[in-house]
Amino acid sequence: MISIDLKNAAQKQTLKGFGTSACWWSQNVADKKTADELSDLLYTDKGLNLNIYRFNVGGGWNDENCRVANPWRKCESFYIYDDKNEEEGYHGGGYDFSRDKNAYDFMKLCISKGSIDTVILFANSPHYSFTGSGQASGSLMHHTCNLPESNYRRFAEYFLDITEHFIADGIPVNYISPINEPQWKWGGSYVWQEGCHYEPEEMLKVFHIFAEELEKRKLNVKLYGPESGEIGGFTERYLELFLGDSLIMKHLGAFALHSYHVDNNTEIRENFREKVIEKHPEIRFDMSEWCELPCKSHTKTIKSALIIARIIGWDLSLLGTESWTSWVAVNQISNRENNEKDFSDGLLSATDDFSYYYIAKRYYGFLHFTKFLPAGSVVTDTGYEAEDGLNVFTFLGRNNEEIAVFVNEGGAKDVSIISDSENMNIYCTTQQKNFNRDYNGRFNGAVHIKRNSVTTVVLWK
């Protein structure tokens with residue numbers, strides 16, 4: 001029998017929480033009843049009870065020059081481009097904060113419900129009028145920065161104008177993230193979303209100018225990034241460059257990265273933790289974006305829940321990040337003719353106009369962590385190593401509950417648990433059920449883990 005020792009588990013990093021992104025979908029939520037339902041599912045204890053909100057500062061588009069076909073991925077901008085007044089400076093166009101109204105109103109609704117303590121403003125691209133191609137979807141050549149150096153400060157000023165408006169309107173913006181996945185090719189002959197490539201040195205210059213502008217404006221907001229698109233690659237180089245710039249480090253709130261393309265790789269996570277994260281305890285490291293990519297799991301299958309739960313556990317326990325944020329909360333139903341063939345990658349899946357939506361199975365895989373691990377919970381290490389398809393991730397709750405999340409991608413197993421606790425709850429998700437409470441009673445020292453299941457055990461005195 002497998003044995004898990006919670007009594008003597010070593011304490012590791014303290015969690016800052018969990019979140020998701022409102023990009024690409026929240027601007028389509030016009031109905032107030034639907035907005036209320038979605039905000040409850042994501043940002044209250046009726047649902048995931050997330051505390052991190054990632055809001056996209058869209059780069060806008062020109063109808064005559066936009067190559068992004070999917071209307072969900074055309075991101076409205078608050079900035080009014082006025083080419084007639086460009087010689088007077090970019091403020092000649094001004095701002096219209098009634099734009100992107102649905103997305104903005106949805107964010108305010110979620111904040112009003114009380115669980116959000118972290119708002120991150122992020123940009124996939126600068127405003128299209130600042131770019132070399134005149135588009136927010138990248139340069140006309142792959143792996144080429146679409147933001148001329150002469151516009152770096154212009155970009156920073158525009159972004160911070162928007163940030164200041166949000167703060168003045170009561171939005172508790174903690175972090176700003178001006179660059180997203182700088183290493184990818186973005187642009188070229190085929191585009192599908194906003195994006196902007198930056199070489200490492202270009203990325204550094206942009207962040208330095210943002211730090212200068214934060215100093216100038218005396219804004220109580222921290223830099224967040226560079227949102228590297230992978231754990232490996234240029235990620236260590238990005239950090240090395242940051243560490244060499246004292247002004248950036250003064251204003252850096254978190255070093256953020258994404259854990260794409262390594263869904264079956266534990267070694268790269270452990271190596272990055274040992275080589276980088278453990279050597280810099282003064283830096284907050286966040287995993288700020290992940291979805292199954294490419295998405296091969298149907299939204300209604302237990303496989304999708306197993307994958308997201310395993311990735312969350314690996315990123316917190318093996319990689320050692322302090323928070324975990326999914327990519328979009330809601331994605332379009334991928335097969336509009338047949339919902340039963342939906343391979344969307346969101347936590348929920350919806351029609352384009354949100355006249356219909358449903359909760360994807362992976363939502364429940366996420367819920368197994370968010371329900372019991374508010375900010376202030378601690379990752380622990382029992383020394384258990386995964387075997388026969390069973391991963392076990394352990395934590396100490398904010399009220400000293402002992403929590404174990406079992407992600408079992410193999411056959412049924414019995415597990416012995418060592419603990420001084422007296423009470424036990426067991427919650428389980430399988431293909432047939434969603435986050436059911438299977439047991440509520442006295443701690444009996446063991447738990448049966450069903451095949452292909454996510455199971456959370458909560459113990460307390």
Side-chain angles (χ1 to χ4, degrees), residues 21 23-25 27 54-79 81 83 86 90 100 121-156 158-159 162 176-207 209-210 224-230 232-235 237-238 241 256-258 260-261 288-291 293-295 327-328 331-332 345:
S21 161
C23 184
W24 292 356
W25 62 271
Q27 69 266 31
R54 201 159 169 250
F55 182 92
N56 178 42
V57 178
W61 74 90
N62 179 328
D63 283 331
E64 297 176 357
N65 198 28
C66 179
R67 295 189 293 146
V68 176
N70 188 337
W72 267 39
R73 299 188 183 186
K74 293 181 178 180
C75 302
E76 188 58 87
S77 173
F78 299 110
Y79 173 59
Y81 173 56
D83 57 353
E86 277 299 289
Y90 81 95
D100 211 14
L121 305 186
F122 81 100
N124 287 315
S125 168
H127 190 270
Y128 74 87
S129 68
F130 306 163
T131 69
S133 68
Q135 303 169 11
S137 53
S139 174
L140 300 180
M141 293 179 61
H142 288 159
H143 293 102
T144 303
C145 184
N146 197 31
L147 180 66
E149 188 170 353
S150 59
N151 283 342
Y152 285 4
R153 192 168 302 277
R154 188 181 184 191
F155 175 36
Y158 139 92
F159 200 107
I162 293 170
I176 55 171
S177 175
I179 290 175
N180 190 65
E181 300 184 344
Q183 65 266 65
W184 302 144
K185 63 184 182 180
W186 303 123
S189 60
Y190 171 73
V191 297
W192 61 97
Q193 67 165 86
E194 291 186 346
C196 187
H197 174 84
Y198 298 86
E199 290 296 308
E201 290 72 19
E202 293 169 328
M203 177 278 300
L204 182 72
K205 289 179 181 178
V206 170
F207 266 85
I209 288 174
F210 267 80
Y224 194 87
E227 309 241 29
S228 177
E230 59 184 340
F234 282 115
T235 307
R237 175 62 177 157
Y238 297 148
L241 290 169
L257 66 156
H258 304 166
Y260 287 120
H261 313 301
S288 56
E289 188 179 306
W290 179 89
C291 68
L293 185 68
C295 187
W327 176 217
V328 291
N331 199 1
Q332 295 160 289
D345 59 16

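Because only heavy atoms are used, hydrogens play no part in the values below, and waters and symmetry mates are left out as well, while side chains stay in.
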Contacts of [X] that satisfy ring pair (Phe, Tyr, Trp, His ring centres under 6.0 Å) - sequence neighbours left out:
{"X": "Phe78", "answer": "Phe97, Phe166"}
{"X": "Tyr198", "answer": "none"}
{"X": "His127", "answer": "Tyr79, Phe130"}
{"X": "Trp72", "answer": "Phe354"}

Distance-only polar pair, side chains of Ser228 and Thr235, donor-acceptor under 3.5 Å
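Thr235 and Ser228 do have a side-chain donor-acceptor pair below 3.5 Å.
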Side-chain H-bond candidate by donor/acceptor type, Glu227 with His258, under 3.5 Å
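Yes, because at least one side-chain N or O of Glu227 sits under 3.5 Å from a partner of the opposite role on His258.
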Taking the inter-plane angle between the rings of Phe159 and Phe155 on a 0 to 90° scale, is it parallel (under 30°), tilted (30 to 60°) or perpendicular (over 60°)?
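Judged by the thresholds at 30° and 60°, the geometry between Phe159 and Phe155 is perpendicular.
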Given side chain to side chain contact (heavy atoms under 4.5 Å, CB included), test Phe122 with Val57 step by step and report yes or no.
CA-CA 6 Å; Phe122 81 100; Val57 178; over 6 Å; no
Could you give me the CA-CA distance, side-chain angles and deciding distance for Asn331 and Trp25, then say whether side chain to side chain contact (heavy atoms under 4.5 Å, CB included) is met?
CA-CA 7 Å; Asn331 199 1; Trp25 62 271; over 6 Å; no
With rounding to the nearest 0.5 Å, note down the distance linking [atom1] in [X] to [atom2] in [Y].
{"X": "Leu147", "Y": "Ser125", "atom1": "CG", "atom2": "OG", "value": "8.0 Å"}
{"X": "Ser133", "Y": "Leu140", "atom1": "OG", "atom2": "CG", "value": "5.0 Å"}
{"X": "Tyr224", "Y": "Ser177", "atom1": "OH", "atom2": "OG", "value": "7.5 Å"}
{"X": "Arg73", "Y": "Cys66", "atom1": "CZ", "atom2": "SG", "value": "12.5 Å"}
{"X": "Tyr238", "Y": "Phe207", "atom1": "OH", "atom2": "CZ", "value": "10.5 Å"}
{"X": "Cys196", "Y": "Asn124", "atom1": "SG", "atom2": "CG", "value": "10.0 Å"}

Apply side chain to side chain donor-acceptor pair (under 3.5 Å) to His197 and list each qualifying residue two or more places apart in sequence or on a separate chain.
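Only Glu199 meet the side chain to side chain donor-acceptor pair (under 3.5 Å) criterion with His197.
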With sequence neighbours excluded, tell me which residues meet salt bridge (Lys or Arg N to Asp or Glu O under 4.0 Å) with [X].
{"X": "Arg67", "result": "none"}
{"X": "Glu201", "result": "Arg237"}
{"X": "Glu149", "result": "Lys205"}

Taking all atoms of both residues into account, what is the closest heavy-atom pair of [X] and [Y], and its distance?
{"X": "Gly134", "Y": "Asn65", "result": "O-ND2, 3.0 Å"}
{"X": "Ile209", "Y": "Ala156", "result": "CG2-CB, 3.9 Å"}
{"X": "Tyr158", "Y": "Gly58", "result": "OH-O, 3.3 Å"}
{"X": "Trp184", "Y": "Gly229", "result": "CZ2-O, 3.4 Å"}
{"X": "Pro182", "Y": "Pro226", "result": "CD-O, 3.4 Å"}

Looking only at atom types and distance, does a side-chain atom of [X] sit under 3.5 Å from a main-chain N or O of [Y], one as donor and one as acceptor?
{"X": "Asn151", "Y": "Thr131", "value": "no"}
{"X": "Ser21", "Y": "Val328", "value": "no"}
{"X": "Trp186", "Y": "Glu181", "value": "yes"}

Kindly write out the residues that satisfy side chain to side chain contact (heavy atoms under 4.5 Å, CB included) with [X], not counting sequence neighbours, or none if the list is empty.
{"X": "Cys75", "answer": "Trp24, Asn56, Glu194"}
{"X": "Gln27", "answer": "Asp100, Ala103"}
{"X": "His142", "answer": "Lys185"}
{"X": "Pro71", "answer": "none"}

Could you check Trp290 against Tyr260 for side chain to side chain contact (heavy atoms under 4.5 Å, CB included), going step by step and ending with a plain yes or no?
CA-CA 6 Å; Trp290 179 89; Tyr260 287 120; 4.3 Å; yes
Ser137 side chain near Tyr128 side chain, heavy-atom distance below 4.5 Å:
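No; the side chains remain at least 4.5 Å from each other.
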Evaluate the side chain to side chain contact (heavy atoms under 4.5 Å, CB included) criterion for residues Glu289 and Asn180: first the C-alpha distance (whole Å), next the side-chain angles of each, then the deciding distance (0.1 Å), finally the verdict.
CA-CA 10 Å; Glu289 188 179 306; Asn180 190 65; 3.9 Å; yes
More than 12 foreign heavy atoms under 6.0 Å from CZ of Phe234: is that the case here?
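At most 12 heavy atoms, drawn from other residues, nucleotides or ligands, come within 6.0 Å of this atom.
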Between Asn70 and Gln332, does a side-chain hydrogen bond (donor to acceptor under 3.5 Å, both in side chains) hold up when you go through it step by step?
CA-CA 10 Å; Asn70 188 337; Gln332 295 160 289; 2.9 Å; yes
